[in-house]
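Here is the structure we will look at, set down as structure tokens.
All values below were derived from every heavy atom in this structure, side-chain atoms included, with hydrogens, water molecules and symmetry-related copies excluded. Sequence positions, counted from 1, serve as the residue numbers for this chain. None of these values were measured; they are calculated from a predicted model.
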Amino acid sequence: MNFIAKPARLVSTSANFDAEFNARLHWSADTDSDIEARVASILADVRQRGDAAVLDYTQRFDRLQADTMAALELTQAELQAAFNAITPAQRSALQAAAERVRAYHQRQLQACGLSWHYRDEDGSLLGQKVTPLDRVGIYVPGGKAAYPSSVLMNAIPAQVAGVGEIIMVVPTPDGHKNLLVLAAAHVAGVSRVFTIGGAQAVAALAYGTPIIPAVDKITGPGNAYVAAAKRRVFGTVGIDMIAGPSEILVLADGSTPPDWVAMDLFSQAEHDELAQSILLCPDAAYIEQVQAAIDRLLPEMPRAEIIAKSLNGRGALIHTRSMQEACDISNRIAPEHLEIASAEPHRWEPLLKHAGAIFLGAYTSESLGDYCAGPNHVLPTSGTARFSSPLGVYDFQKRSSLIEVSEQGAQTLGRIAVELATGEGLQAHARAAQMRLR
């Protein structure tokens with residue numbers, strides 16, 4: 001079957017550009033009320049019945065029979081066996097990707113994840129103590145697709161941060177276990193793995209059961225039920241983010257082969273019909289070349305139907321006045337993945353303020369970042385890159401303030417505190433500081 005992909009063609013000089021542009025960007029993160037109601041019921045059931053409820057839902061949704069939760073936990077020997085069972089090329093690729101991801105996050109730890117302190121002129125010590133979370137849960141999707149790369153991206157920064165225990169959950173419908181996912185868990189040093197998924201897995205991680213220990217934070221992507229469950233358990237545990245459909249924005253000056261750009265647009269469109277792929281370019285002739293490449297390459301793609309629906313529904317090829325305007329529009333979008341397909345990527349990068357990850361130059365395809373470049377591929381979506389960051393070591397740490405006031409410091413700070421506390425009408429606060437004054 002031949003599928004046709006015609007992304008919207010927009011021109012920034014058009015009088016209707018803003019309205020057309022905003023309509024193309026719109027995506028609602030609101031979940032269906034029926035999903036919310038079902039998720040609330042599942043969470044309450046798991047909180048009340050624990051393992052029994054998780055087993056019931058696993059049988060119902062994943063068609064996986066088990067008498068005990070222990071039967072759904074994989075041993076380290078099974079993870080090692082999965083690693084041994086994959087091909088030598090797959091083992092090499094997993095290990096090389098893991099090494100790069102670990103090296104990047106170790107540098108991140110050195111840059112932002114260390115404790116520090118100083119003493120002021122009165123001899124008081126002030127600082128920050130950074131400590132890792134005790135236990136985290138990582139959710140790895142299963143079923144329609146398997147994502148060993150997500151195992152590496154979630155588990156390795158947690159491990160580098162010093163997290164004591166990493167609990168992984170992954171659905172295995174009909175009992176089918178993906179060897180690459182299990183091998184990735186082995187390579188990444190995951191502590192325990194349970195073959196459960198959905199809202200019930202999120203509930204088990206958040207509340208704990210007799211077999212599954214409660215965690216401090218849950219990270220990792222999932223379907224609408226998983227997203228709704230993460231939203232509801234936030235506060236009981238931390239979460240990384242509520243992720244929307246995947247996005248790519250390509251800023252092109254016309255110097256990159258159009259086939260490369262077309263395939264980069266495909267790379268996100270093939271994830272999901274709701275994924276978004278946008279090209280911003282000041283060269284109208286080049287945009288035509290990219291559309292021609294889309295027409296020519298689409299029939300070769302195994303996921304052509306999904307790509308076509310994504311590009312037709314949410315894709316756009318936008319003709320801009322200049323590369324500077326393209327950068328301005330990019331900042332309005334705040335995309336998850338941002339490629340600068342330019343002969344001068346470092347000329348434009350300083351103008352870009354909001355993006356989950358920025359890929360510089362024609363040879364830096366987004367897919368390299370997804371798998372093996374090193375930086376994390378768990379990125380903010382739906383414009384949240386305006387205020388959010390990629391998953392990193394800092395997501396698996398917490399910071400405590402350190403304050404040690406010297407006797408001399410108490411004289412200076414005490415008078416300030418007395419004045420402010422009195423003004424707020426909090427006399428015990430004022431007295432506590434006043435008692436330490438000479």
Side-chain angles (χ1 to χ4, degrees), residues 29-30 36 40 43 47 108-137 157-158 161-164 205-208 214-219 227-244 331-332 334 350 352-356 378-438:
D30 295 336
E36 286 284 353
L43 296 185
R47 193 167 198 175
Q108 191 177 70
L109 176 69
Q110 295 165 7
C112 68
L114 302 179
S115 301
W116 53 267
H117 66 266
Y118 67 95
R119 290 192 181 274
D120 65 16
E121 60 275 10
D122 290 323
S124 297
L125 181 144
L126 305 170
Q128 180 173 272
K129 179 179 180 179
V130 177
T131 54
L133 304 184
D134 291 334
R135 183 186 293 125
V136 300
V163 171
L205 291 172
Y207 306 133
V215 303
D216 301 310
K217 190 167 190 174
I218 300 172
T219 70
K230 286 172 67 178
R231 186 183 291 109
R232 282 181 171 270
V233 300
F234 176 64
T236 299
V237 295
I239 62 171
D240 50 352
M241 63 186 75
I242 302 297
N331 285 329
R332 290 169 58 184
L352 298 164
K353 298 187 295 182
H354 308 305
V378 181
L379 303 168
T381 62
S382 307
T384 60
R386 292 176 293 108
F387 53 82
S388 297
S389 306
L391 190 72
V393 167
Y394 37 73
D395 286 295
F396 299 101
Q397 297 175 318
K398 52 188 173 58
R399 283 150 289 282
S400 302
S401 298
L402 293 177
I403 307 170
E404 179 189 41
V405 178
S406 66
E407 182 181 356
Q408 181 58 41
Q411 310 313 304
T412 303
L413 298 179
R415 289 180 172 82
I416 298 171
V418 167
E419 188 67 30
L420 294 176
T422 301
E424 290 184 355
L426 299 176
Q427 294 304 319
H429 282 68
R431 289 283 303 278
Q434 193 171 39
M435 285 177 173
R436 290 163 171 81
L437 297 178
R438 296 193 191 102

Would you be so kind as to tabulate the donor-acceptor pairs closer than 3.5 Å made by side chains of residues 125-136, with sequence neighbours excluded?
unit_1, atom_1, unit_2, atom_2, d
Thr131, OG1, Lys398, NZ, 2.8
Arg135, NE, Glu165, OE1, 2.8
Arg135, NH1, Ala214, O, 2.8
Arg135, NH2, Glu165, OE1, 3.3

Check your understanding: Hey, mind stepping through Arg386 and Arg332 against side chain to side chain contact (heavy atoms under 4.5 Å, CB included) and telling me if it holds?
Key -> CA-CA 9 Å; Arg386 292 176 293 108; Arg332 290 169 58 184; over 6 Å; no
Please report the shortest heavy-atom distance between [X] and [Y], naming the atom on each side.
X	Y	answer
Ala355	Ala385	C-CB, 3.7 Å
Ala161	Phe396	CB-CB, 3.7 Å
Tyr207	Leu43	CE1-O, 3.8 Å
Ser382	Gly244	OG-CA, 3.9 Å
Thr384	Thr381	OG1-O, 2.6 Å

I'd like to know if the side chain of [X] reaches the main chain of [Y], judged simply by a donor and an acceptor atom lying under 3.5 Å from each other, with no hydrogens or angles considered.
X	Y	answer
Gln108	Gly392	no
Thr422	Glu419	no
Asp122	Ser124	no
Thr219	Asp240	no
Gln411	Glu407	yes

Check your understanding: Taking atom NZ of Lys230 and atom CD1 of Ile239, what is their separation to the nearest 0.5 Å?
Key -> 6.0 Å
Revision key, fill the gap. d(Ser115 OG, Gln397 CD) to nearest 0.5 Å is 8.5 Å
Exercise for review: Could you pull out all residues at least two apart from Arg119 that satisfy salt bridge (Lys or Arg N to Asp or Glu O under 4.0 Å)?
Suggested key: Glu404
Review point. Under a 4.5 Å cut-off applied to non-hydrogen side-chain atoms, are Arg232 and Glu36 in contact?
Key: yes
Review point. Side chains of Val237 and Leu205: does their closest heavy-atom pair fall under 4.5 Å?
Key: no
Validation: residues 426-434 side-chain donor-acceptor distances under 3.5 Å, sequence neighbours left out:
none

